[in-house]
Amino acid sequence: MLTDINNIPIDQAIKENGFVIVDNLIPAEMFIRLREACDRVVDRARKGDWNYRRLVGTQFPPWNEGTDVWGVQHMMHPDLNEPVFAEWYGSPDLLAAVEQLLHTGHEDLQFELFNLLINPQDSNFDLTWHRDAIKAEAAEEEEKEKLTIPHYGTQWNTALYDDACLFVVPNSHRRVRTPTERDITINDPLSHKMPGQLKVDLKAGQTVFYDNNILHRASYDCSQKRSTLHASMGTIEGGHHRAAVILQHGLGWMNTEEFKKTLPESLIKPHANIIEMATKAGISNMSTKPIH
Ligand SMILES: O=C(O)CCC(=O)C(=O)O
Ligand SMILES: [Fe+2]
């Protein structure tokens, strides 16, 4: 059983706090290869040679305006031609961690997103306090209802360089916002004074898994190199609930023979599972409209 940096089983820690920090989910021999592959894709995205990217000025998809890049999308896309990303996404320790967090087995794992979060070059950029799957304006009743939907998935940041960009409110992932939190998320969403906020300090090589409905924000510093792998996986039980969150990123390229050929053995079943999920939900082009 995998434990976190405080020796607590990771599934227990994420349930209690909404996030959990884990060491050593990158095999030593893969570390440099991942850094080098990231440098190459970042270079392409900044040059405008890779158009699936997140641009300063906009937090959620679509990213149509601006030039300075804060994230690169679709690390496993066959046109990027960087096999180390699928190799890591399908690596045994990472899959074991995800299976423990989701209380599921390999057969039921669902292949999802793999993106990269980086430092912008020209200016600092802050993401607002948010929950990924619930809008700030949601009325209390709607918020309460959405918070009861199980996630059937987990997401994580794995730092290739020390990374202190993410802030969370521990244990805010399953309850409605307090009046102060509601006020901040709606009227002062860049606030540095969120009650109970915690800076997540990751050392290179550490991973934070977090509930995507924990209240969180991020602060992007253009002077500090960031190259943080940002990914998610789910279970087949998620069905259409998971579809909305995942497919808003536009994943048509995953439903191709060309992509399937690039997958390591450990990802064949998880990949078949997401294609089946999208097909059952009637979304075989694997694209849905943005949530926010
Ligand atoms: O930059 C981060 O660490 C968090 C990114 C984030 O919150 C998001 O992509 O929704
Ligand atoms: Fe987020």
Side-chain angles (χ1 to χ4, degrees), residues 14 17-22 25 38 42 45 52-63 66 68-75 112-121 123-136 138 143 146-147 151 153-170 172-173 177 181 184-185 189-192 194 197-234 242 244-251 290-292:
I14 204 170
N17 304 319
F19 73 103
V20 57
I21 299 175
V22 192
L25 292 180
C38 286
V42 168
Y52 300 114
R53 74 273 174 269
R54 304 180 180 196
L55 296 170
V56 167
T58 309
Q59 178 157 340
F60 297 108
W63 290 282
D68 203 6
V69 176
W70 65 272
V72 188
Q73 300 289 99
H74 309 324
M75 308 311 283
E112 293 183 349
L113 305 173
F114 187 174
N115 301 315
L116 180 69
L117 303 173
I118 65 168
N119 58 296
Q121 282 185 300
S123 58
N124 297 339
F125 177 54
D126 282 336
L127 301 185
T128 60
W129 285 106
H130 67 282
R131 305 187 193 272
D132 285 351
I134 307 174
K135 289 185 189 186
E143 184 178 16
K146 292 218 161 118
L147 285 168
H151 294 324
T154 189
Q155 73 180 40
W156 64 93
N157 287 3
T158 300
L160 297 179
Y161 300 86
D162 293 357
D163 176 344
C165 298
L166 179 69
F167 292 76
V168 298
V169 178
S172 59
H173 56 304
R177 286 163 291 174
E181 288 167 348
I184 289 177
T185 50
L190 297 175
S191 172
H192 289 199
M194 179 67 94
Q197 67 177 28
L198 178 93
K199 183 167 72 165
V200 177
D201 249 317
L202 293 182
K203 296 285 158 233
Q206 287 186 324
T207 298
V208 59
F209 290 90
Y210 50 111
D211 187 307
N212 71 358
N213 277 333
I214 196 169
L215 285 170
H216 62 287
R217 77 172 179 92
S219 182
Y220 283 67
D221 178 348
C222 62
S223 68
Q224 189 77 34
K225 179 155 179 159
R226 184 184 206 205
S227 208
T228 289
L229 308 168
H230 180 58
S232 76
M233 271 189 216
R242 202 77 194 141
V245 180
I246 302 306
L247 302 180
Q248 64 171 331
H249 289 266
L251 301 180
I291 291 181
H292 289 268

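In each ligand, atom 1 is the first atom listed, and ligand 1 is the first ligand listed. Side chains are part of it too, since the values below use all heavy atoms of this structure and drop only hydrogens, waters and symmetry mates. When a residue number appears, it is its place in the shown sequence, counting from 1.
Protein-derived N/O/S atoms nearer than 2.8 Å to the Fe ion (ligand 2) total 3, waters excluded.
When heavy-atom distances to ligand 1 are checked against a 4.0 Å cut-off, Arg226 comes that close only through its side chain, counted from C-beta outward. Counting heavy atoms closer than 4.0 Å to ligand 1, residue His216 contributes side-chain atoms (C-beta onward) but none from N, CA, C or O. Residue contacts with ligand 1, taken as heavy atom pairs separated by less than 4.0 Å, do not involve Thr228 at all.
Counting only heavy atoms of the protein, atom 1 (O) of ligand 1 lies nearest to Tyr220 OH, 2.5 Å. The protein non-hydrogen atom at the shortest distance from atom 5 (C) of ligand 1 is Leu127 CD1, 3.6 Å. Shortest contact from atom 9 (O) of ligand 1 to any protein heavy atom: Arg54 NH1, 2.9 Å.
The Leu166 neighbourhood of ligand 1 comprises atoms 3 (O), 4 (C), with distances under 4.0 Å to a heavy atom of that residue. Using a 4.0 Å cut-off to heavy atoms of Asp132, the atoms of ligand 1 that qualify are 10 (O). The distance from ligand 1 to the heavy atoms of Leu117 drops below 4.0 Å at these ligand atoms: 1 (O), 2 (C), 3 (O).
Ligand 1 has His230 within reach: a non-hydrogen atom of the residue lies less than 4.0 Å from it. The closest approach between His130 and ligand 1 falls below 4.0 Å for a heavy atom of the residue.
Applying the ring-ring contact (aromatic ring centres under 6.0 Å, His included) criterion to Tyr210, with sequence neighbours excluded, gives His216.
Between the side chain of Arg131 and the backbone N or O of Asn213 there is at least one donor-acceptor pair closer than 3.5 Å.
Minimum heavy-atom separation, Cys222 to Asn124: N-OD1, 2.8 Å.
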